[in-house]
Number of protein chains: 2
Amino acid sequence: MLHELICRNVAKHIDLTPAEEAHFSAMLIPHALRRKEFFLQEGEICKHSVFVVKGCLRGYTVDSNGFEHILQFAPPDWWIADMYSLLSGRPGNLNIDALEDSEVLLLAKKDQEQLYHDVPKFERFFRIITENALVTSRQRVLDNLSLSAQQRYEAFCQRYPTLINYLPQKQIASYIGVTPEFLSKMRSELLRRQ
Amino acid sequence: MLHELICRNVAKHIDLTPAEEAHFSAMLIPHALRRKEFFLQEGEICKHSVFVVKGCLRGYTVDSNGFEHILQFAPPDWWIADMYSLLSGRPGNLNIDALEDSEVLLLAKKDQEQLYHDVPKFERFFRIITENALVTSRQRVLDNLSLSAQQRYEAFCQRYPTLINYLPQKQIASYIGVTPEFLSKMRSELLRRQ
DNA sequence: CTCCGCCAATAATCTAGATTAAGAATTAAG
DNA sequence: CTTAATTCTTAATCTAGATTATTGGCGGAG
């Protein structure tokens, strides 16, 4: 069933009655995205939290020189959104698109707020996943400040072992903050050493 | 009164009855820190959320070459903790110390969980401040990936105008990820240009 | 089959920012 | 007031990683 993955995702942190689960499920809007299709573009207002069921999305910005900087990959079982825009209701600077044909479930901001009201346990759920995301994000800030490109690549390999063989190197390079050429150089050095 | 600042901080996001406020207040442990005194050191388990009433704390790591990398400053009205350690119950890699003589209020993890149980509105409060912290942290990741040192310094000046004249340049350099020498060079170039 | 767009690899050159060193300016302490 | 410690500045050299350019492989479209 379409909602099985997301319900298990929620059940990791809170217990729902069947009625609560049905109430939640009814709010979810299934949506399909083709490879390279945008879910959100810079300047738009983000009105949904997105849960990935199949495929892979990415959130990134484009700087003044046209270079992409990837903030987040979202493979199945992950949430993604332009949090700044979603929370503030103002235009964001994030682009979100699909790296391959994907299926997602959307939770509208208004429904999410309704859900907090109807089933307060969801305050807890989103508090916990936001806390985890914050820990990850802060670790990434520290990695960017304290590790070399080589070490950042190795850290990425350890943290996302499934993504490493799945994503084009170009995307990984953009996530860890190096050029594709330099990532290639690092990889060949790593291979030579082992 | 000692708890006035923190109660206004909470009131920004949730409304409490006098009884709830008293219940919350009773959990807070006042604590004083001298300049350079550690609240938490690398390898310890973080058991409290810290709210700064007076002075200024900082959270940072020390890399394998002995260089400090500042993750967060906490002036009055801010929360700070080693979130990874606090959430996981495992030893963290963060150091937290006072940049000057400071006064803080501690909320023990156990009390915080009790509070979620007794006054569920606090789930909401901490969800919201965690969301805001996540937006800030992700913006910082993007700044580190896409901006030059110069631009990162200007962004810091805009975002923390009060801190800029208050903190030693050495600390600011460590936050934006450059050497004190290079920060000094950038500042003199900025002055020359204006 | 071939033409074209995407991806990876390699190499030469270039630059932002680190490193090192040394002196000037502040601050704190006796 | 004197000394010691810390912080800030300036300048010379050095390096990790960027930039630019070239090549080859590979899969899809006509």
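Sequence lines set the chain letters: A, B, ... in the order given, protein chains first and strands last, and positions in each chain run from 1.
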- Item | Atom pair distance, as rounded to whole Å: CE in M186(A) and C1' in dT10(C) | 15 Å

- Message: When you compare the side chains of S25(A) and H3(A), does any donor N or O come within less than 3.5 Å of an acceptor on the partner?
- Response: yes

- Rounded to whole Å, CG of L167(A) lies from P of dC6(C) at a distance of 18 Å

- Task: Report yes if at least one side-chain N or O of S148(B) is closer than 4.0 Å to OP1 or OP2 of dA16(C); otherwise report no.
- Result: no

- Between the side chains of R58(A) and Y175(A), is a donor N or O closer than 3.5 angstrom to an acceptor N or O? no

- Message: I want to check one thing: is the phosphate of dT19(D), taken as OP1 and OP2, less than 4.0 Å away from some side-chain N or O of T179(A)?
- Response: no

- How do R35(B) and E181(B) order along DNA chain D: which one's closest nucleotide is nearer the 5' end? R35(B)

- Considering only side-chain heavy atoms of P168(B), which listed nucleotide, dC6(C), dC8(D), dG17(C), is closest? dC8(D)

- Given dG17(C), dC8(D), dA12(C), the nucleotide with the shortest approach to the side chain of K185(A): dA12(C)

- F182(A) atom CZ is separated from dT15(D) atom P, nearest whole Å, by 14 Å

- Message: Taking CZ in F67(B) as the centre, count heavy atoms belonging to other residues, nucleotides or ligands within less than 6.0 Å. Is the count above 12?
- Response: no

- Item | Distance below 4.0 Å between Q169(B) side-chain N/O and dT9(D) OP1 or OP2 | yes

- Message: Let's see if you can work this out: which of dC6(C), dT10(D), dA18(C) has an atom nearest to the side-chain heavy atoms of S184(B)?
- Response: dT10(D)

- Between the side chains of Q112(B) and Y116(B), is a donor N or O closer than 3.5 angstrom to an acceptor N or O? yes

